[in-house]
Protein chains: 2
Amino acid sequence: MAIIVDKDKKRRDIALSCKDLLLECGIKDLTISQIAKQASIGKGTIYEYFSNKEDIVFEIITSFIEDNETRLEQVSEMNISTKEKIFSFYFLFFDDEIYKKQLNIYKEYLAISMINPTKKMIDFSQKSCKKFNDISNKIIEEAISKGELKPESINIIRHLDIYHTGLAVEEQKRGINAKQEIRNLLDSLFVLLEENHD
Amino acid sequence: MAIIVDKDKKRRDIALSCKDLLLECGIKDLTISQIAKQASIGKGTIYEYFSNKEDIVFEIITSFIEDNETRLEQVSEMNISTKEKIFSFYFLFFDDEIYKKQLNIYKEYLAISMINPTKKMIDFSQKSCKKFNDISNKIIEEAISKGELKPESINIIRHLDIYHTGLAVEEQKRGINAKQEIRNLLDSLFVLLEENHD
DNA sequence: TTTTAATTGACCGACAGTCGGTCAAAGGAG
DNA sequence: CTCCTTTGACCGACTGTCGGTCAATTAAAA
């Protein structure tokens with residue numbers, strides 16, 4: 001019998017080795033030949049582990065998003081006000097240079113998933129959005145139980161996730177500043193959502 | 001001198017003749033050869049009037065969006081409550097079958113404009129978003145001056161436009177119902193934004 | 001007849017994805 | 001131990017598709 005490789009591991013290894021390449025080129029300009037070269041394997045081998053280009057890119061982006069979930073959890077445990085937590089949540093993505101690059105890739109991914117969402121993408125998207133909402137809800141519920149926020153806050157804040165996607169899409173095109181917009185919206189919202197203690 | 005054609009007119013004619021084709025195929029599966037055939041011209045001629053495929057698609061989509069602006073203006077003049085107007089504004093896009101097809105094309109366009117926004121796209125996007133905001137603001141300002149809504153409503157409602165983009169992007173992927181989501185958000189928001197007359 | 005705008009489709013290069021074939025390691029028969 | 005067979009891993013030349021180009025052609029105006 002011939003050697004048996006760990007398909008899952010090799011799959012992840014190939015994807016991992018192309019992380020930087022993807023960040024550098026973007027999805028559209030990343031070619032399968034480049035990937036093969038970078039991973040030091042033949043082009044045909046790629047297709048032993050991935051069904052198509054989308055599949056590879058998705059694998060890499062999945063890891064970006066998982067990184068980000070970790071960052072979110074860190075924020076949720078920081079010693080800052082509820083408003084600052086929510087702000088950081090939505091701003092994290094637009095933050096520094098590294099994440100700007102990731103944002104660009106994420107945008108391209110959004111683009112693809114918008115046009116041809118595969119079952120895999122939908123499942124992952126729902127899973128990661130649920131996770132995001134869970135963390136966010138926990139923060140808000142805490143604030144409500146402390147009497148900081150009105151109970152209806154939950155049902156409004158939960159929509160911010162969709163707003164966040166919109167912001168990622170429109171930021172560049174509309175020439176708006178994501179940070180400012182989030183700040184502005186949260187400022188206005190929190191005035192309405194905070195319980196008045198008079 | 002040879003005949004001089006009206007470049008602008010021919011440009012529009014070519015685009016117009018491919019409206020249905022675009023709705024049927026989607027951007028990705030629409031080929032230049034198909035366009036040339038549909039418009040009964042040679043493939044090379046296309047490039048006398050458009051700089052690339054994107055350029056054609058953009059021309060067609062521009063006309064979709066302009067159609068939509070007309071529909072918005074109609075809604076703004078209907079005899080319905082402020083909340084219903086705003087609801088219709090954001091729901092219009094997700095409405096019936098014809099507009100569902102347009103929405104799909106619009107999503108593909110969003111995808112392209114997200115990745116490679118051209119100067120033209122940015123300008124158009126800003127112009128059409130300004131128009132949208134103007135109509136929306138007028139409605140809200142009227143409601144404020146009538147004492148229906150709190151003054152801060154302006155600054156919150158204006159963000160709905162971005163939310164709307166997010167909804168277009170995420171609707172299918174998250175398996176959510178755009179109509180329900182808009183309804184739900186507006187219901188929650190209006191409770192907070194309506195002036196209490198007690 | 002000459003000039004020049006307009007048009008055209010054969011052609012090109014890039015790229016995703018395929019396929020026939022090679023290779024090396026792991027049994028297993030003798 | 002050795003030689004043969006099996007089999008999964010691997011490969012890159014090749015294919016088909018498509019956006020975009022350009023040399024050749026047409027025909028109206030001067």
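Because the structure is predicted, anything quoted here is derived from the model rather than measured. Each chain gets a letter, A, B and so on, in the order the sequences are listed, and its residues count up from 1.
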**Prompt:** So what does Leu30(B) hit on the nucleic acid, given a heavy-atom distance under 4.0 Å: a base, only sugar-phosphate, or nothing?
**Reply:** sugar-phosphate
ask   = Is it true that Lys173(B) and Glu170(B) have a side-chain N and a carboxylate O under 4.0 angstrom from each other?
value = yes
*Scan Lys10(A) against the nucleic acid and name what it touches under 4.0 Å (heavy atoms): base, sugar-phosphate only, or nothing.*
sugar-phosphate
Taken to the nearest whole Å, CD/Glu54(B) to P/dG20(D) is 8 Å
**Request:** Under 4.0 Å between any heavy atoms, over every strand shown, what does Lys7(A) touch: base, sugar-phosphate, or nothing? Just pick one.
**Result:** sugar-phosphate
Sorted by number, residues from residues 36-49 of chain A placing a heavy atom under 4.0 Å from DNA chain C are Lys43(A), Tyr47(A)
note: Phe50(A), atom CZ; dT18(C), atom P; distance rounded to Å ~ 15 Å
Here the distance between atom C1' of dA14(C) and atom NZ of Lys28(A), to the nearest Å, is 13 Å
Of the candidates dT7(C), dA9(D), dG19(D), the side chain of Lys53(B) sits closest to dG19(D)
Point to revise | Ionic contact status for Asp134(B) with Lys130(B), cut-off 4.0 Å | key: yes
N-O pairing of Arg11(B) and Asp55(B) below 4.0 Å
yes
The nucleotide from dG17(C), dA9(D), dC15(C) with an atom nearest the side chain of Asn52(A) is dG17(C)
Ile32(A) atom CD1 is separated from dT17(D) atom C1', nearest whole Å, by 16 Å
Rounded to whole Å, the CG-C1' distance (Asp29(A) to dA16(C)) equals 14 Å
* Look at Arg158(B) together with Glu181(A) and state whether they make a salt bridge at an N to O cut-off of under 4.0 Å. => yes
To the nearest angstrom, the CD1-P distance between Ile35(A) and dC15(C) comes to 12 Å
So, are Glu84(B) and Arg183(B) salt-bridged, with charged N and O less than 4.0 Å apart? yes
Between Lys107(A) and the options Gln102(A), Gln172(A), Glu171(A), the side-chain hydrogen bond (donor to acceptor under 3.5 Å, both in side chains) test singles out Gln172(A)
>> Taking Lys127(B) first and then Asp123(B), would you say they form a salt bridge - that is, a charged N and a carboxylate O separated by under 4.0 Å?
In response: no
> Base, sugar-phosphate, or nothing: which does Ile56(B) touch, judged by heavy atoms less than 4.0 Å apart?
Replying inline: nothing
